[in-house]
Number of protein chains: 2
Amino acid sequence: MAVKERMDYIKKQLHSQSYKLTPQREATVEVLLENEEDHLSAEDVYLLVKDKAPEIGLATVYRTLELLNELEIVDKINFGDGVSRYDLRKEGANHSHHHLVCIQCGDVSEIEEDLLGEVEVKVEREWQFKIKDHRLTFHGVCSKCQRDKDSTNEEVGRQTVDQL
Amino acid sequence: MAVKERMDYIKKQLHSQSYKLTPQREATVEVLLENEEDHLSAEDVYLLVKDKAPEIGLATVYRTLELLNELEIVDKINFGDGVSRYDLRKEGANHSHHHLVCIQCGDVSEIEEDLLGEVEVKVEREWQFKIKDHRLTFHGVCSKCQRDKDSTNEEVGRQTVDQL
DNA sequence: TATGAAAACGATAATGATTATCGTTTAGTA
DNA sequence: TACTAAACGATAATCATTATCGTTTTCATA
């Protein structure tokens, strides 16, 4: 299965940079591989890892996630909810991972599609900026909340800023 | 000048939502208008406002910035450096304000150009997501650091992840 | 396989940004 | 001018993250 190969790849990365492979690091990576679709916080990871390795400390989880971020194995992202979240990078070169954050229900969904190909070319050319990565997040109203709002007929009271 | 008009617009916004206009709020908005090009943290704003209104408290600055964010007068943004930063929104509807963050020197520069027109149309159509705002940040190497690196001839030792 | 140094660990204290509390003051209305 | 809700300043509390430190473990080498 692909999970084992990705684990091996990550182990190789650690080794090639002279970092040691510890049970704590292995368990942390396992948790990340098993929860790819979620955006786990350090606390989330800590609680999940404790099932595999109950003696692990929270500080070690933070240290490991920071290390994996430096190795570009995970992305440390921020949705503005007060905690950092950590996403395992997908294999493959093009890192196209965007987010839709609903400003009503708070749900976060993902788009796995390269939306920025031409945009990146333009930015690199016009600003002489060598792009290594990007973060694209849309804030708005998800389809579910749009439907819920429609059935409430009319929104009253609050005048929107767009009106001027 | 446009500054006065924008101040009046903001005052009108406050009033229309039944918020009170206090000297502290007025001074805070003045500071934001006078430092539009910077990405000020709450602490930055606090220090600048103290020149105009020495008796202001840090908590009031946080409260005011939070209020202005709710009124969509400022954007609360996060560059991952541990503090929230607050940018006054430009007048006009299309909010096109992107960032280039250099991963070597840490400098942040801005692009004031609508890069996402077609992309937003596509996202709204394909995901039934009503976009209200977006955040686009590129991480990479700025032109200055590219030049500095070129003159250092060769980078040695650290193998890049891209090699596998 | 034993050993030793550097790296990593767990526990927990420290930090630092942000938020909550609370008694006092003020803006805006009648 | 008087009243009441809103806002204020000071500061304590919170909470995510980082630093510290004494102990344990990994892994290259003997």
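As the structure is a computational prediction, the values presented were derived from the model and not from experiment. Lettering of chains follows the sequences in order, A, B, ..., and the numbering in each one begins at 1.
Rounded to an integer number of Å, the gap from CD of B:Gln17 to P of D:dA7 is 12 Å. Per the geometry, CG belonging to B:Leu67 stands 7 Å off P belonging to D:dA7, to the nearest Å. In this structure, CG of B:Leu58 is placed 11 Å from P of D:dA10, rounded to the nearest angstrom. If you take CD of B:Glu43 and P of C:dG16, they are 11 Å apart, rounded to a whole angstrom. Spacing between atom CD1 of B:Ile56 and atom P of C:dT24 amounts to 21 Å, rounded to whole angstrom units. In this structure, CG of A:Asp81 is placed 14 Å from P of C:dT18, rounded to the nearest angstrom. Distance CG (A:Asn78) to P (D:dA16): 13 Å, rounded to an integer number of Å. For the pair B:Leu14 CG and D:dA6 P, the computed distance is 15 Å after rounding to whole Å.
Closest-nucleotide positions on DNA chain C for B:Gly82 and B:Arg63 were compared, and the one nearer the 5' end corresponds to B:Gly82.
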Could you list the protein-to-nucleotides 12-14 of chain D atom pairs, N/O on both sides, closer than 3.5 Å?
none

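Contact annotation: A:Tyr62 does not reach the phosphate of D:dT18 (side-chain N/O to OP1 or OP2, under 4.0 Å). In terms of phosphate contacts, A:His15 brings a side-chain nitrogen or oxygen within less than 4.0 Å of OP1 or OP2 of D:dA28.
A side-chain donor-acceptor contact under 3.5 Å links A:Asp44 to the backbone of A:Ser41. Using modelled atom types, one side-chain atom of A:Asp114 and one backbone atom of A:Leu116 make a donor-acceptor pair closer than 3.5 Å. B:Asp8 places no side-chain N or O within donor-acceptor distance of the main-chain N or O of B:Glu5, the cut-off being under 3.5 Å.
Ring geometry for A:His134 versus A:His98: interplanar angle under 30°, hence parallel rather than tilted (30 to 60°).
Surrounding CD of A:Glu118 are at most 12 heavy atoms belonging to other residues, nucleotides or ligands under 6.0 Å away. The number of heavy-atom neighbours closer than 6.0 Å to NZ of A:Lys52, taken from other residues, nucleotides and ligands shown, is above 12.
Among B:Val45, B:Val31, B:Ile56, the single residue meeting the side chain to side chain contact (heavy atoms under 4.5 Å, CB included) criterion with B:Lys50 is B:Ile56.
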Margin query: Is there a side-chain contact (heavy atoms from CB on, under 4.5 Å) between A:Gln13 and A:Glu72? Walk through the geometry before answering.
Written below: CA-CA 10 Å; A:Gln13 284 298 316; A:Glu72 301 182 35; over 6 Å; no
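Across all strands, A:Glu55 comes closer than 4.0 Å only to sugar-phosphate atoms, never to a base (heavy-atom distances). Counting non-hydrogen atoms under 4.0 angstrom, A:Ser18 reaches nothing in the nucleic acid. B:Ser84 comes within contact range of the sugar-phosphate backbone alone, with a heavy-atom separation under 4.0 Å but no base atom that close.
Nearest heavy-atom pair, B:Gln146 versus B:Val141, reported as atom, atom and distance to 0.1 Å: NE2-O, 2.9 Å.
Near DNA chain D, defined here as any heavy-atom distance below 4.0 Å, the residues from residues 19-34 of chain A are A:Lys20, A:Leu21, A:Pro23, listed numerically.
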